[in-house]
Each structure stands twice: as structure tokens, then as C-alpha cells.
Amino acid sequence: MRPVVTAIACFLIALVVLPPLAAEASVDSERLDIGQIRAARESLDAVLDGTLRERLAELLDAAIAELEKIESDRRKIERFEAQVAGTDARIDELRRELEGFDRIPRADDAAEVGVAEAQREVARERARLVADREALRTVEQRSVERAVRRNEVSKQLGELDQRAETILKEIRAVRDGDLGAELREATMTRLRALQESTASGIEVLRAELTSLEARAKVLPWEIDLAQRRVSFREQVVAGLESRERRLREEESKAALERAIATCDAAAARSPVLGPVAEETLALAQLRWGDGNVVTLSDRTSREFLATKKYRNDLERVVELTRRLYVAYGRRGSIGRWWPHLPD
């Protein structure tokens, strides 16, 4: 009974799974059919039991797993190809946005607003400036990540090429070996599935490499646009801050004039109020006069924000330098990772 069962198992695997063995197994030959392999795997339970069945099932399960990776690889390749196909359209979109950037309306300095509203506008634009700076930092990091990923892909391609050679050697060894017929066919199925999966992985990496090269064409435009947005927002914030200071100075001047007039009137009306008027006038000078506490507080706040900006710029440069060093530092020119400090 045993020879009959073994012959049936061998027949299922050889006839359903594998084409006739060629002198050299290659992914250019007829590809494996995952559906047929699954059917052969299910048929094992009906014709075999024991250790042989478990070994054959293990080999066919491994083959099925490798072929399932190929199905996933096809979707990855389609995604990378779509990214490449959209490169020119994305560049045109960024170019149009850059060309029209100077036409973005600026805040109307002549608008009649109070100090409170001017302060709210400054706060809103400062928040937008923070967001624009973070967006610039993100797109710069993407540029470095692209360079790092490109090196990784090149390394992985070399590893897969070596794996493909190793698999071919294993196929030759199994073909020329003395395994039983059923184990040999199942092992060849697993190796051919691994061979096809490796070839598919190479195709994925090559498609990703093409996508990364296309990304390299888009990133300078994205960085330029992000820098323009930051520069524009800095100008808007500076203009609004200037308007806020002017309005506050005008308000302080008007308040001080009212305080002087009130104190003079009170002192003229009653000599008893003279000392109180002088003391009130001194407080009014402290509050609204030249170098008043509000002006000093505003100046301190601006200096703090400027210091924070310089610190953020420095952190951005350090982070970019670190990432570039990881990508290029151990090879090539030092100029590929040496930091470019902002003015």
C-alpha cells in the first residue's frame, strides 16, 4: 500500500504543481500557480499521513507563503509606478503655486483696527508661522530620508541578487541529489517559489528606486515653496507687529495726554489735589510714557521669540546633519553631510 500512496503523492505534486524540470530552473520558465499549489497541499491530507505528509505540507506551505508575497509586491509596484507617473503633474502644480505666491494678499496696514484686534492678528499669524516652519522642517527631513532610503534600497538589491544566486545553487543541488521523488518535487516547488518571490522583490526595489529618483525631482520644488511660505509669513508677522506697536504707541500717547490734562485740571481746580495729581502723573508716565513697562515687556517678548527661532533653526540644522551623516558620513565627500547654516 505504501508504494501506491507515495506514487499518488508524487504524481499530485509533479503533475499539478511543477512543469517538467528543465536543465536550469529560471523565473523565465513557466511560473508557478498558487491555486494549483494550494490544491496539491489540500490533497496531501487525503493520500498521506505521518512524517512524510508533515514534511511535504511544510514545504508547500512555505511555497504558498512566498507566492502570496508576490501578490503583495504587485500592489507595491503599481503604487510606485503611480507616483512616478504623477511627477510631472506635481512639479507643474508646485511651479504654478510658486509663480502666484507673490500675489497672495498681505494684511491691510491701513485697516481701522484697535490694539486688541491687532494683537489677535499677530497671534494668529505667529501660529501660522510656527506651522509653516514645521512644514519646512518636515519636507527637509523627507529629502534626507529619501537619500537614506535610496542607499538602503541599493544595499537590499545587492543582497537579493546574492540570494538569487544561492537559490539557483540550491536548485541544482536538489536536482542532482538523492532525495525521494516526492520530497524532491516539493523541495523544488518551494525553491522555485522562493526564486520567483526574490525576483519579484527585486522588481519592487527597482520600482521604488525609480520612484525615489522621481521624488528627487519634486523635493527641491517642495522645499522652495516651503521656504517661500516661511519667508512670506515672517514678513506678514513683522508688518503686523509693527502695526501693533504703532497702534499701542498712539494709544499710549493719547492716554498720557488725557492723564496730563486730567491732572492739570485737578491741580488747577484745587491746590489740595496738587500732590495727588503729581503722583498720578508720575504713574501715568510709567505706564504710558517713553520706555513704559508695556513697551519693555513687548521688546522682551520679541527678543524671546527671536531667540526661540534661532534655537529651532539650530535644532533643525543639527537634525538634518545627523540624518545626512547616517546616509553619507562614512563614504563620499564631506560636503554631502556638512551643515549649511542659515544666515
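Just so it is clear, the values below take in all heavy atoms, side chains as well, and ignore hydrogens, waters and symmetry mates.
- For the pair Glu125 and Arg243, the salt-bridge criterion is not met [side-chain N within less than 4.0 Å of a carboxylate O].
- In the hydrophobic clustering of ILVMFWY residues, with side-chain heavy atoms under 4.5 Å counting as a link, Leu60 and Ile70 come out together.
- Taking CZ of Arg96 as the reference point, atom CG of Leu94 lies at 9.0 Å (rounded to 0.5 Å).
- Glu159 has no carboxylate O lying under 4.0 Å from a charged side-chain N of Arg163, or vice versa, which leaves the two without a salt bridge.
- Two residues are said to be in side-chain contact when any heavy atoms from C-beta on lie closer than 4.5 Å; Val139 and Leu219 meet this criterion.
- Both Val174 and Leu194 belong to a single network of hydrophobic side chains, linked directly or stepwise wherever heavy atoms of I, L, V, M, F, W or Y lie under 4.5 Å apart.
- Classification of Arg248 and Glu244 as a salt-bridged pair holds, one side-chain N sitting under 4.0 Å from a carboxylate O.
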For salt bridge (Lys or Arg N to Asp or Glu O under 4.0 Å), just list the numbers for Arg192 and Glu66, CA-CA rounded to whole Å, side-chain angles, deciding distance to a tenth of an Å, and then say yes or no.
CA-CA 9 Å; Arg192 285 200 53 209; Glu66 292 298 331; over 6 Å; no
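- Comment: Arg150 does not engage Glu208 in a salt bridge, judged by the lack of any side-chain N to carboxylate O separation of less than 4.0 angstrom.
- Ion pair Arg120/Glu117 flagged as a salt bridge, since at least one NZ, NE, NH1 or NH2 atom sits closer than 4.0 Å to an Asp/Glu carboxylate oxygen.
- The pair Asp132-Arg233 meets the salt-bridge criterion, since a charged nitrogen lies less than 4.0 angstrom from a carboxylate oxygen.
- For the pair Glu185 and Arg190, the salt-bridge criterion is not met [side-chain N within less than 4.0 Å of a carboxylate O].
- If you run salt bridge (Lys or Arg N to Asp or Glu O under 4.0 Å) between Arg229 and each of Glu222, Glu234, Glu97, only Glu97 comes through.
- Contact check on Glu152 versus Arg149 returns a salt bridge, with a Lys/Arg side-chain nitrogen under 4.0 Å from an Asp/Glu carboxylate oxygen.
- With respect to Arg246 and Glu250, a salt bridge is recorded, a charged nitrogen being found less than 4.0 Å from a carboxylate O.
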Please test Arg74 against Glu78 for salt bridge (Lys or Arg N to Asp or Glu O under 4.0 Å), starting from the C-alpha separation and ending with a verdict.
CA-CA 6 Å; Arg74 292 193 186 101; Glu78 290 174 359; over 6 Å; no
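- A continuous path of ILVMFWY side-chain contacts below 4.5 Å connects Ile202 to Leu212, so both sit in one hydrophobic cluster.
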